[in-house]
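Below, all heavy atoms of this structure are taken into account, side chains as well, without hydrogens, waters or symmetry copies. All ligand and atom numbering here is 1-based and tracks the order in the structure.
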Amino acid sequence: MPAKMTAPRVRAMKEKGEKVVCVTAYDFPAAWIAEEAGVDVVLVGDSVGNVVLGYESTVPVTMDEMSHHVRAVRRATKLALLVADLPFGSYHASTAQAVESACRLMKQGGEAIKLEGAYPDAIAAMTKAGIPVMGHVGMTPQSVHAFGGFRVQGRGEEADRVMDQAIAVQEAGAFAIVLELIPAELAAAITQRLDIPTIGIGAGPHCDGQIQVFHDLIGLSDGSFKHAKAYVDGRQILGDALSRYVKEVRNLAFPTDRESF
Ligand code: KIV
């Protein structure tokens, strides 16, 4: 029987040369499918904001919204490690605020916390409090307005800044780190430099693991992201199924005796 994934086990996968497979989930059915597929890590990302709540970015996402989705994912996640994302504004004011927000998401069912950017004091304080922390550098979507859009980070002279942030995150005590939208060559260099696993999204093939947004993988987003791959055309398949339902109700083909009591 497969063993429960934990933060220390994720960290140890790097030494063993095992790829860490991660996916986002925001609700019970997605977490259930991810769990059945055997992923190592389920992230309740603040991407819930733009992916399922219809916001333009992750900036409006609140702690209440994150708590709600963490609880839903918790109910279906058994063997995978459940990582909960701290939303914008929940850790920026002070280390105390960061620890308080992290504790709140752990109480909803998180088994580790992710936060964006180089916040070594917050990471160290959470680690001290017994909370495993996943870092996140490169294109950190909560800073979309500072970056002036969703664009690749760490090109040219910017590479040193991203490398330094990744090192700071590791030194503060993180057990893993997401590298988002950075050149593959820089991701490879960070992966080589760090002892903790790097989890790439739009960061090339040399990371220790990969993370993708659930809806991108199943073809339920607009398909415009270069870093994503749809393994099924969900929009088409679900759209066809719903159209058949609409047609069958209108032409009295559903329900039949078989669906009746
Ligand atoms: O919120 C999120 O889904 C994320 C991943 C894309 C890494 O941060």
Side-chain angles (χ1 to χ4, degrees), residues 7 10 19-27 30-31 34 39-63 65-70 72-73 77 80-92 101-102 105 110 112-119 123 132-144 147 150-154 162 165-166 169 174-182 187 190-191 196-204 207-218 220-222 224-230:
V10 168
K19 290 282 183 190
V20 186
V21 186
C22 316
V23 69
T24 67
Y26 315 109
D27 56 23
V39 304
D40 300 307
V41 174
V42 169
L43 169 71
V44 186
D46 62 347
S47 52
V48 65
N50 42 298
V51 177
V52 307
L53 299 179
Y55 298 146
E56 296 223 326
S57 75
T58 57
V59 172
V61 176
T62 64
M63 279 294 291
E65 286 166 337
M66 288 306 300
S67 298
H68 177 77
H69 289 277
V70 168
V73 168
T77 306
L81 177 72
L82 197 167
V83 180
D85 225 355
L86 285 183
F88 181 67
S90 69
Y91 57 97
H92 306 79
S101 299
L105 292 188
I113 293 295
K114 181 171 82 57
L115 82 173
E116 296 184 5
Y119 285 86
I123 294 172
V133 180
M134 180 179 276
H136 184 165
V137 299
M139 172 63 220
T140 44
Q142 291 173 13
S143 304
V144 60
F147 289 141
F150 293 96
R151 44 180 64 114
V152 174
Q153 300 295 308
V162 179
Q165 287 183 339
V169 165
F175 73 93
I177 184 167
V178 170
L179 306 178
E180 179 163 355
L181 287 194
I182 62 170
I190 295 173
T191 300
I196 58 173
T198 57
I199 313 293
I201 173 164
C207 296
D208 298 305
Q210 297 292 327
I211 184 159
Q212 287 284 301
V213 167
F214 183 85
H215 293 66
D216 293 344
L217 291 178
I218 61 166
L220 281 186
S221 44
D222 71 6
S224 63
F225 304 122
K226 180 172 158 61
H227 66 263
K229 175 173 171 182

Could you say whether the N/O atoms of Ser47 and ligand 1 ever approach to under 3.5 Å?
yes
Which residue owns the protein heavy atom closest to atom 5 (C) of ligand 1, what's the atom, and how far is it?
Leu43 CD2, 3.7 Å
Of all the atoms in ligand 1, which lie at a distance below 4.0 Å from a heavy atom belonging to Gly45?
1 (O), 2 (C), 3 (O)
Mind checking whether Phe214 and Tyr26 have ring centres under 6.0 Å apart?
no
Main-chain N/O of Gln142 paired with Thr140 side-chain donor or acceptor, under 3.5 Å
no
Taking distance alone, with N or O pairs closer than 3.5 Å, would you say Asp46 contacts ligand 1?
yes
Sub-3.5 Å donor-acceptor pair from the side chain of Thr62 to the main-chain atoms of Glu65, do we have one?
yes
Would you kindly say whether Ser221 and Asp216 are connected by a side-chain donor-acceptor distance under 3.5 Å?
yes
Looking only at distances, please establish whether an N/O atom of ligand 1 is found under 3.5 Å from an N/O atom of Lys114.
yes
Using the rule side-chain contact (heavy atoms from CB on, under 4.5 Å), only one of Ser90, Ser101, Pro87 pairs with Met66; which is it?
Pro87
Any N or O of Asp85 closer than 3.5 Å to N or O of ligand 1
yes
Any chance you could lay out the side-chain contact (heavy atoms from CB on, under 4.5 Å) test for Val137 and Gln153, step after step, and finish with the verdict?
CA-CA 9 Å; Val137 299; Gln153 300 295 308; over 6 Å; no
Could you tell me the residue and atom name of the protein heavy atom closest to atom 6 (C) of ligand 1, and the distance to it rounded to 0.1 Å?
Ile201 CD1, 3.7 Å
Numbering as shown, the atoms of ligand 1 that approach Thr24 to under 4.0 Å (heavy-atom distance)
3 (O)
